[in-house]
Amino acid sequence: MKWSTKQLEECESTFIEARKLPAWSIVSSKRQTGGRGRFNRLWYADEGGLWANYNLPINPSQNTPWSMMPLVAGVALINTFKEYNLQDVRLRWPNDLLVKRNKLAGVLVERPSVDKVSIGIGVNVYNNLGNLYGKTTDSPTRLQDLLPNSCPSLGELRDRIANQIARTFTNFCDHGPAEVLEQLKSAWGCSLPVVAITDTQRICGFFNGIEPDGSPILRKADGTSVMVPAISINRLKELI
């Protein structure tokens, strides 16, 4: 399927613009004045970063765990960065791309209609990270500093991500979660101690993978494992 692309100078949020567009559409903007992350947290989107939404078609009658879409997008992002030989990039459940301990990119997914899903992706590329320090919980990093001799243009990166999203999404629809779960095994990096924070409790353990619906599995100190329903988690925080 061929993507159609809409490029904006500035908008409040690419999510708002994406709702107006059909499946297999991309909308990107040089700047966002009201970008957001999970739980409506503020997302800083200054010029120089890649701020884009990718619309995909979904079949509501298909027995597919659409809650996996942030992880599908995360796999696509990691595969894109591998094309540039970027080292030490990993996925922190469910939607952050880190290089070692520093945040490079984020994913946010919403379903604006029963037959469409919109994947929002933000990547620090050339933007001024000085505007982010002290405003985010993670230390930021950007592609220009990680790939000083081979950093792509925003347009090239946008289109490469689009190709990987289409490929990963098609495999996911055709073969189910198993296709993505296999790739996710290497996406997490090493198994780190984490705490899953819900409205009522804090569950500690070592991150040990996910269930087919996207819910994380934690290995506790006594060797037992516990599945924490993804829908109940406000944040999964690494402890080291």
Side-chain angles (χ1 to χ4, degrees), residues 1-38 40-58 66 69-84 86 89 91 94-99 103-113 116-129 131-132 136 138 140-144 146-147 151-170 172:
M1 177 62 68
K2 183 177 177 61
W3 293 92
S4 63
T5 302
K6 181 178 182 179
Q7 176 65 51
L8 303 172
E9 289 293 312
E10 182 177 287
C11 68
E12 179 182 351
S13 168
T14 53
F15 269 108
I16 295 174
E17 301 301 320
R19 291 175 193 145
K20 309 170 188 176
L21 302 174
W24 298 111
S25 296
I26 305 169
V27 57
S28 61
S29 182
K30 289 184 178 179
R31 298 173 297 277
Q32 292 185 96
T33 59
R36 58 185 174 84
R38 291 186 79 211
N40 287 318
R41 298 185 183 105
L42 185 62
W43 181 274
Y44 297 91
D46 297 330
E47 189 165 355
L50 176 66
W51 324 118
N53 269 71
Y54 300 79
N55 286 345
L56 292 167
I58 58 176
W66 300 114
M69 287 307 298
L71 303 176
V72 171
V75 166
L77 264 182
I78 284 181
N79 288 340
T80 302
F81 293 137
K82 285 181 178 179
E83 293 181 7
Y84 295 102
L86 184 63
V89 62
L91 178 64
N95 64 335
D96 292 330
L97 270 291
L98 306 181
V99 176
K103 186 170 178 177
L104 174 63
V107 175
L108 184 65
V109 175
E110 71 171 23
R111 190 172 172 176
S113 64
K116 184 175 71 176
V117 65
S118 190
I119 298 173
I121 288 178
V123 185
N124 296 320
V125 185
Y126 298 101
N127 47 312
N128 182 0
L129 296 185
N131 297 329
L132 298 178
T136 64
D138 296 300
T141 189
R142 62 181 183 174
L143 211 54
Q144 181 183 33
L146 297 169
L147 301 172
C151 189
S153 68
L154 297 180
E156 177 190 330
L157 182 62
R158 178 198 63 211
D159 294 344
R160 285 213 187 188
I161 291 173
N163 291 336
Q164 285 289 351
I165 286 177
R167 185 176 300 119
T168 307
F169 175 73
T170 299
F172 174 69

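Residue numbers count from 1 along this sequence. Small disclaimer: the values here were computed from a predicted structure and weren't measured.
Two residues are said to be in side-chain contact when any heavy atoms from C-beta on lie closer than 4.5 Å; Leu56 and Met69 meet this criterion. Taking 4.5 Å as the limit, some side-chain heavy atom of Trp66 sits within range of a side-chain heavy atom of Ile58. In this structure the side chain of Asp159 never reaches within 4.5 angstrom of the side chain of Ile161, judged on heavy atoms. Using a 4.5 Å heavy-atom threshold, the side chains of Thr5 and Arg158 count as touching. Considering only heavy atoms from C-beta on, Pro112 stays 4.5 Å or farther from Phe15 through its side chain. For the pair Tyr84/Leu157, a side-chain contact is recorded, criterion being any heavy-atom separation below 4.5 Å from C-beta on. Taking the side chain as every heavy atom from C-beta outward, Leu104 and Phe81 approach each other to under 4.5 Å. In this structure the side chain of Pro140 never reaches within 4.5 angstrom of the side chain of Lys103, judged on heavy atoms.
Here the closest heavy-atom approach between residue Val125 and residue Cys151 is recorded as CG1-SG, 3.8 Å. Summarising the geometry of Trp3 relative to Ala166, their closest heavy-atom pair is NE1-CB, 4.0 Å, with the distance given to 0.1 Å. Considering all non-hydrogen atoms of both residues, Leu154 and Gly48 come closest at CD2-O, 3.6 Å. The two residues Ala76 and Gln164 have their closest heavy-atom pair at O-CB, 3.5 Å. The minimum heavy-atom distance linking Asp96 with Gly106 is given by the pair OD1-CA, 4.5 Å.
Here the OG1-CG distance, from Thr14 to Leu8, works out to 9.0 Å after rounding to the nearest 0.5 Å. How far CD1 of Ile26 is from NZ of Lys6: 13.5 Å, rounded to the nearest 0.5 Å. Annotation: the span from Asn163 atom CG to Glu83 atom CD amounts to 8.0 Å, rounded to 0.5 Å. Asn95 CG to Ile119 CD1: the interatomic distance, rounded to the nearest 0.5 Å, is 12.0 Å.
Residues passing the side-chain hydrogen bond (donor to acceptor under 3.5 Å, both in side chains) test with Thr141, sequence neighbours excluded: none. By the side-chain hydrogen bond (donor to acceptor under 3.5 Å, both in side chains) test, Lys30 is found to be paired with Glu9, residues two or more places apart in sequence or in another chain being considered. With sequence neighbours left out, Arg111 forms a side-chain hydrogen bond (donor to acceptor under 3.5 Å, both in side chains) with no residue at all.
Judged by distance alone, with hydrogens and angles left aside, the side-chain atoms of Asn55 form a donor-acceptor pair with the main-chain N or O of Leu21 at under 3.5 Å. A distance-only check finds no donor-acceptor pair linking the side chain of Trp51 to the backbone of Gly120 [under 3.5 Å]. Side-chain atoms of Asn124 do not come within 3.5 Å of backbone N or O of Arg142 as any donor-acceptor pair.
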Self-check item: Working for side chain to side chain contact (heavy atoms under 4.5 Å, CB included), residues Ile165 and Ile121
Solution: CA-CA 11 Å; Ile165 286 177; Ile121 288 178; 3.8 Å; yes

Quiz prompt | Verdict with reasoning, Leu129 to Asn127, per side chain to side chain contact (heavy atoms under 4.5 Å, CB included) | solution = CA-CA 6 Å; Leu129 296 185; Asn127 47 312; 4.1 Å; yes

Practice problem: Please test Asn53 against Ser118 for side chain to side chain donor-acceptor pair (under 3.5 Å), starting from the C-alpha separation and ending with a verdict. | Solution: CA-CA 6 Å; Asn53 269 71; Ser118 190; 2.8 Å; yes

Exercise. Decide side chain to side chain contact (heavy atoms under 4.5 Å, CB included) for Leu143 and Leu86; before the verdict, give the C-alpha distance in whole Å, the side-chain angles of both, and the deciding distance to 0.1 Å.
Key: CA-CA 9 Å; Leu143 211 54; Leu86 184 63; 4.0 Å; yes

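In this model, no donor atom of one side chain and acceptor atom of the other lie less than 3.5 Å apart for Glu12 and Thr33.
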